[in-house]
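The block underneath contains the structure these notes are about, expressed in structure tokens.
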Amino acid sequence: MTEVMATTTETTVTDNTSKNDDTPTLSVIVEFTGGLEMLFSDQRRHVLSIPTTDKSGKPVTVAYLIEYLCENTMRDTRKELFILDDHLRPGILVLINDADWELEGEETYEIQNGDNILFVSTLHGG
Amino acid sequence: MDPITGKIERLKAQISETEVELQQLKAQLARLEALLSLPSPSSEAQANDQPTESSRKWTWPLEEEEYTRYGRQLILPSVGIRGQLRLKSAAILVVGAGGLGCPAAAYLAGAGVGTLGVVDGDTVELSNLHRQIAHNTARVGIKKADSLIQYCRGLNPEVRYVGYGEHLTPQNAQDVVSAYDVVLDCTDHPTSRYLISDICVLLGKPLVSASALRTDGQLIVLNNPPATQGSADGGPCYRCVFPKPPPADSVVSCGEGGILGPVVGVMGVLQALESIKLLAAGTGKENYQGPGEPLTPSLLLFSAYSPTPFRSIKMRGRRSNCFACSASSMLTLKELKTGSLDYVQFCGVTTPINILQPGERVSATDYKSILASGINRGSLLLDVREKEHFDIAKIPGAINIPFSTFQTKSRSTSNGYSAHLEWLPEDVSSDTPIYVVCRVGNDSQLVAKKLKDLGLDRHGERFIGDIKGGMKAWKLEVNQTMPFT
């Protein structure tokens, strides 16, 4: 929660895409690094309000978030640089609250209010 | 200063620099020769032969000079005399003598590792020097491995240096890597990163891996501890973290994406630090006790322009079905050597784009004639490189609409086309030919095709095409005095 509070003093993109005010929402901080920010308006940090449940009423997961980001947050048409064959493109790491998402159940992880989700593109230069 | 005068000045400076170095070497030689001829030798080996001189015998484990040279790190609890002796008995391999390898090797040489191997098949280029700090202007054109060793030898002649002026390959990997205790991946491509990880798994070497691009860097210590294939005690390998390589066209090199010198420098310095930590603690040696706390693999992310530049991420352990380090792995030294693993194919190859018809492409020379003849007076030249490139040099009259602009979703679906065409100057008539130019002639084709798809060519009434080979060709064929980035 302190993370969320702190963001008010930082330059971030806050997005209120939830159309219906009655829909309960979760607040998540989504960050991009390693060049992925270029697909998201060159902004590394986004504070998003996303629905708490998907269309079938189940709690939203990281898989839902990835799709949500493509539909609502990405301003670039090159979706294939983020999603390939319905999954995150190889070479992108997902970190949930500073831990590898593989420690948290990967795509099935259910997002909690205040979560920090970081997408990192691997670098190869040297 | 014109280029020739500049070169003369540089050569003069280099000659005097080399003369100083020569004098120092001669002095060093004279000192050593004097020691040999002295009746009372100071080295341990000689003292043993002459027990009568035992009062002068140096009985300490490091050489006399080494206590001075390494004194500042010797007194640290994390190093100490035991750590220093471990460093001295260690052999460490730096693969890649570029932006990471230069600072990494320099600090390892300074710290007094026993043997330092450097692998790189490339030669020094002028565009390397802003970040590859061990090379210098006078050494442009020589092998990077030799140049880096020359630098390190100047820093610390006590280290044994081994240069490999070729790239690491599946065929030579075993011979090169087996002689070392720790490996540093300072290379710049996924193909070499997978190969280095595989050979480190097979030979049981911890791997300190780093990478950098633009203003970001990443660091991870892999295969640490370096347990055998299938052992759950071992740390994850590169394939555990990245089982699938990224698509080849998403891989951006420093040449294409740019790199800030200190960013890659920070990452190389951190590689040296992690290696010193491993070696001084005795990793890979007998009686290894570990660093005292359980090893949780972590990935360090560095973002120079972030309010929190350093961020450490907890990583997974070994992958139970890993291609390289799991119990089910089929990877063997023999497999590797016989070339049954094609790393280039595994990581994929980018193919040059060729989507325009020959009639839709003009050479740089032809475009110059078109400009000069005025046939296409009022033609529009779109330069689709990013703004930074355009600001450095451009063809007169070109307007800059960066490639990424064309990738942006239209804000309103009801008004889709116009959002793409906001950049189009209003006074351009609908039959004005449009030429597109980019850096080397790939993006320009994509944009020309996109403009046609949007209907801008009015079913062939208006010419839309690109300049073949981009600004690179323009420099080569038309204007050699233009900077190319």
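When reading the values below, keep in mind they use all heavy atoms of this one structure, side chains included, and skip hydrogens, waters and symmetry mates. Residue numbering restarts at 1 for every chain, and letters A, B, ... go by the order of the sequence lines.
Chain B is approached within less than 4.5 Å, heavy atom to heavy atom, by no residue from residues 57-64 of chain A. Applying a 4.5 Å heavy-atom cutoff, the residues of residues 299-306 of chain B that approach chain A are L299(B), L301(B), S303(B). Chain A is approached within less than 4.5 Å, heavy atom to heavy atom, by C186(B), T187(B), D188(B), H189(B), P190(B), R193(B) from residues 185-193 of chain B, ordered by number. When the heavy atoms of residues 79-88 of chain A are compared with those of chain B, the residues falling under 4.5 Å are L81(A), L84(A), listed by number.
Between the CG atom of D100(A) and the OG atom of S298(B) there is a distance of 11.5 Å, given to the nearest 0.5 Å. In this structure, CG in D76(A) is found 10.0 Å from OG1 in T405(B), a value given to the nearest 0.5 Å. Rounding to the nearest 0.5 angstrom, the gap separating the CD1 atom in I96(A) from the CD1 atom in I313(B) is 11.5 Å. Atoms CD and CE, from E386(B) and M38(A) in turn, are 8.0 Å apart once rounded to the nearest 0.5 Å.
Looking at I259(B), there are no atoms closer than 4.5 Å to chain A (heavy atoms on both sides), in backbone or side chain. At a 4.5 Å heavy-atom cutoff, the contact between R311(B) and chain A is made by side-chain atoms alone.
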- Query: Is there a side chain to side chain contact (heavy atoms under 4.5 Å, CB included) between R78(A) and S404(B) once you walk through the steps?
  - Reply: CA-CA 10 Å; R78(A) 289 170 291 178; S404(B) 52; 4.2 Å; yes
- Task: Under the side chain to side chain contact (heavy atoms under 4.5 Å, CB included) rule, what do E102(A) and R319(B) come out as? Steps first, then yes or no, please.
- Result: CA-CA 10 Å; E102(A) 304 202 18; R319(B) 190 178 283 272; 2.9 Å; yes
- What do the steps show when you test H124(A) against S253(B) for side chain to side chain contact (heavy atoms under 4.5 Å, CB included), and what is the final call? CA-CA 7 Å; H124(A) 302 96; S253(B) 69; over 6 Å; no
- Checking side chain to side chain contact (heavy atoms under 4.5 Å, CB included) for the pair V241(B)/L93(A): CA distance, chi angles, key distance, verdict? CA-CA 9 Å; V241(B) 184; L93(A) 294 175; 4.1 Å; yes
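Counted within 6.0 Å of OH on Y194(B), heavy atoms from surrounding residues, nucleotides or ligands total more than 12; the atom is thus considered enclosed.
Judged by distance alone, with hydrogens and angles left aside, the side-chain atoms of Q218(B) form a donor-acceptor pair with the main-chain N or O of S121(A) at under 3.5 Å.
The minimum heavy-atom distance between G35(A) and R214(B), with the atom names listed, is CA-NH1, 4.2 Å. L103(A) approaches R316(B) most closely through the heavy-atom pair CD2-CA, 3.9 Å. Taking each heavy atom of D216(B) and L123(A) in turn, the nearest pair found is O-CD1, 3.4 Å. The heavy-atom pair separating K450(B) from T77(A) by the smallest distance is NZ-OG1, 4.3 Å. Nearest heavy atom pair, residue G125(A) against residue C254(B), reads CA-SG, 3.8 Å. Counting all heavy atoms, side chain and backbone alike, P90(A) lies closest to P245(B) at CB-O, 3.4 Å.
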